[in-house]
Amino acid sequence: MGLHPLEFSECYLDSPCFREKIKAHEAELDKTNRFIKELYKDGKNLINATKQLGMAQRKFAHLLGEFQFEYIGDAKTDDEKCIDESLQEFSSFLRNLEDQRELMMRNITETLMKPLEKFRKDHLGTVRAERKKYEKETEKYYSSLEKLLNMSAKKKEPQLQEADIQVETMRQHFQEESLDYVCKLQEIQERKKFECVEPMLAFFQTVFTFYHQGFELAKDFDHYKRALQINIQNTRSRFEGARSEVYELMKRIRETPQEYRQTSPISCEGYLYVQEKRPPPFGSSWVKRYCTFVKEQKILHMVTFDHRSGGKIGETESVTLKSCLRKTTDMFDRRFCLDLDITDRPGTVLTVQALSEDDHKFWMQAMGGKEPIGHYLGRTYSKERGIDAQLDDVGLSFVKNSISAIETRGINDQGLYRVVGVSSKVQKLLSLMIDEKSSEVDLSTSEDWDVKTITSALKLYLRSLPEPLMTYGLYKEFISPAKGGSPETRIQAVHCLVHKLPERNRQVLGLLMKHLANVAAHSKQNLMTVANLGVVFGPTLMRPQEETVAAIMDLKFQNIVVEILIEHHEKIFADAPESCPLSPAAPVFSAPTRQSKKLSRQNRPLAVYNPQALDIQNVSAVGDSSSLTTDETSMGSNESVSSQSSSASASEMPTERSDHAPLSTSLSSGSNSNVTSRKAKAVYPCEAEHDSELSFQVGAIFNAVIQSREPGWLEGELEGKRGLIPENYVEML
């Protein structure tokens, strides 16, 4: 049972039971007072803790807003841009949330803390004062009453009457105080119900408002969050693809590091130990330096770098090389040494030491040393066994045949183009289909080949072409719009570049993009969205000539280009654009696709131009494979890496052929087709891909130009150097 009500009539009786009731009411109000004091104290602690949380959250948000991801390469994809900006978005979200939290704390102070404290002081405090007054009046009344009752009856009547009046007055005053006190007690007991709970309700309303604001912020953030999840997934998928390519490249470099060392036709670089001679009797010392040799100017830049001193870089010293001689061990008690004759130090010979025998040969070749080199240091490539893919009528027929079969038999197959076929079957099918004698197989009706084998064979065919379908020459131009600009400018740029492709390349690419758009239209069944198809076909259709980590980082932009081609294939392949904006970084003229060095299906002699008149038999292993610039397995899509592992192992190097002629034979054979040599002018810029070719800019004039034994190539002289020239890069004068 709760508290007993205090009857006003009991104030006159002032019974022990009445007094017990009053004590119960007082005890309840004391408990309420203690509760409010504790609540106020805990409330202040809560506010302070929330302020600390807010400060920590704001510091966290500030840190998020200040940080920015660095990226590899010269541009970011749209997905990477969104991920990069996400930290600022998170920071902004947290700041907005903390603004609402700060507002909540101010409201809690106003709606909970102050009202509770006011009630405790104004009402419970007043009751305590009234209680003391009531107790004082009680003491005063009953003391006077006892004094009166103790008076002698022998007192004079006037004295007794006066005492009676005083006591009566005190009794009335005491009873009035008792009535007021009882009324106050009961009033406070009733008031506390709403005076305490109403601020609590306001407190929770403030908390609910805060959470509602958080919900609204989260609701506004939801669209961005979903888009960001897609950006993250796309970036993760591209990462997985790039990682596998990087590991493959690292594996190949680890197996044959020398083949990957030379990455620039302009310069070469690496560590050399340089002998520094000192005055007698101190002898000489050997200092490790990082050297860069610029071939054109024959300048050797040397910088001291000590790994053991925390990577401290010293000053750079540059010398001009006059000649390079191999230093034999019978003359010098150190291996791998070279003597460099320095132009700017007449009579001074600089002795350097390479790191190994291969390194020694590398520097000898780079610096034009007199030691003959018996092997070619550039990359060599192998082909798939028995696969000789060409972009001819047979190849076009195979593409059409494959597309028809896939759309007829497997357009709804899950993981179409991702799920790969057995490597041996894939190679067998492709070899069969590109054989002119046996290519009349209708894959749409043939039950001998399943869909995954057909899709894998189609991808393998595209990867096995001597040049990617979108060509080496236009690779950088296709990648460029994918790295920036609005969607409209990207589409326009890709539209223009597609119509710079050779007719057959554009025809096959158009057929493929129309087919892939159809595949994407069935993505609910086959799960192959435009983005997924971009991942699969990006590195299959376009590849750089140099295989480097930087090139692998551009895989993500290849995917974007293919996505644009799929989504806008109707517009892009319908008609040529009316006008094409010039890219600031692009040359005014776009160079045509270079003539493939393998124009027919028959083996033919290899023509190599080399001023040192090397025996061509020694470099025959390079053969026609030198026209391939990317390992088919390495630059394929994610799923193609595993499918090519067995086929790569089954590949073989071209065998040496006895019909290879030395250089003089090649030149004389070529000259027989020309009565006199002529001059030619470059209409497109070109960078040499091999030592036998010339690099030149627009407007360069070539002398003594004759037809080469290489179909599609000329031989000419430029600035005292003779070499091969792409025939479709020049006009005859």
Side-chain angles (χ1 to χ4, degrees), residues 262-268 293-300 320-324 343 365-369 373 376-378 467 471-474 476 545-546 586-597 599 605-614 616 619 622 626-627 629 661-733:
Q262 179 76 32
T263 59
S264 170
I266 300 173
S267 64
C268 57
F293 181 66
V294 182
K295 297 179 179 179
E296 190 74 21
Q297 292 82 17
K298 292 191 174 181
I299 296 177
L300 181 65
T320 303
L321 184 67
K322 183 179 180 181
S323 64
C324 172
T343 301
Q365 185 190 39
M367 296 180 177
I373 304 175
Y376 177 71
L377 293 177
E467 187 175 34
T471 75
Y472 291 130
L474 292 176
K476 290 184 179 179
Q545 286 185 291
E546 289 186 354
V588 176
F589 300 101
S590 175
T593 304
R594 298 181 65 160
Q595 187 81 12
S596 170
K597 286 193 175 183
L599 299 178
L606 173 67
V608 176
Y609 177 80
N610 192 318
Q612 296 179 347
L614 298 178
I616 296 180
V619 294
V622 179
S626 62
S627 64
T629 60
L663 175 64
S664 57
T665 306
S666 175
L667 289 176
S668 62
S669 174
S671 62
N672 290 336
S673 61
N674 294 272
V675 178
T676 59
S677 61
R678 302 172 58 187
K679 290 188 176 184
K681 179 181 179 180
V683 294
Y684 300 106
C686 176
E687 183 175 332
E689 299 172 2
H690 307 287
D691 291 340
S692 60
E693 301 171 14
L694 295 177
S695 296
F696 50 85
Q697 299 298 323
V698 175
I701 302 297
F702 304 93
N703 297 314
V705 178
I706 62 173
Q707 194 72 33
S708 171
R709 276 182 65 182
E710 286 288 331
W713 293 78
L714 302 172
E715 293 176 3
E717 187 175 299
L718 177 65
E719 298 178 355
K721 182 180 179 181
R722 191 164 183 80
L724 294 173
I725 309 163
E727 188 173 10
N728 55 347
Y729 273 56
V730 301
E731 61 181 8
M732 302 304 295
L733 299 179

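On a predicted model such as this, the values are computed, not experimentally measured, just so you know.
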Minimum side-chain heavy-atom gap [X]-[Y] below 4.5 Å:
| X | Y | answer |
| --- | --- | --- |
| E715 | V705 | no |
| L733 | I701 | yes |
| L321 | L300 | no |

- Query: Could you give the distance from OG (S323) to CE (M367), rounded to the nearest 0.5 Å?
  - Reply: 11.5 Å
- Task: Measure the SG-CD distance between C686 and E693 for me, rounded to the nearest 0.5 Å.
- Result: 6.5 Å
Compare every heavy atom of [Y] with every heavy atom of [X], then report the nearest pair and how far apart it is.
| X | Y | value |
| --- | --- | --- |
| V698 | P685 | CG2-CD, 3.4 Å |
| Y684 | F696 | O-CE1, 3.2 Å |
| K295 | A366 | CG-O, 4.3 Å |
| A682 | Q697 | CB-O, 3.4 Å |

- K476: partners by side-chain contact (heavy atoms from CB on, under 4.5 Å), with sequence neighbours left out: none
- Message: Test of understanding: with side-chain contact (heavy atoms from CB on, under 4.5 Å), list the residues that count as partners of T343, not counting sequence neighbours.
- Response: T320, K322
- Would you check, one step at a time, whether the test side-chain contact (heavy atoms from CB on, under 4.5 Å) holds for Q707 with L714? CA-CA 5 Å; Q707 194 72 33; L714 302 172; 3.4 Å; yes
- Message: Looking at E731, I'd like to know if its CD atom is crowded, meaning that more than 12 non-hydrogen atoms belonging to other residues, nucleotides or ligands lie closer than 6.0 Å.
- Response: yes
- Message: Heavy-atom count check: over 12 atoms from other residues, nucleotides or ligands less than 6.0 Å from E719 CD?
- Response: no
- Query: Do K298 and F293 pass the side-chain contact (heavy atoms from CB on, under 4.5 Å) test, and can you show the C-alpha distance, the side-chain angles, and the key distance before you say yes or no?
  - Reply: CA-CA 7 Å; K298 292 191 174 181; F293 181 66; 4.1 Å; yes
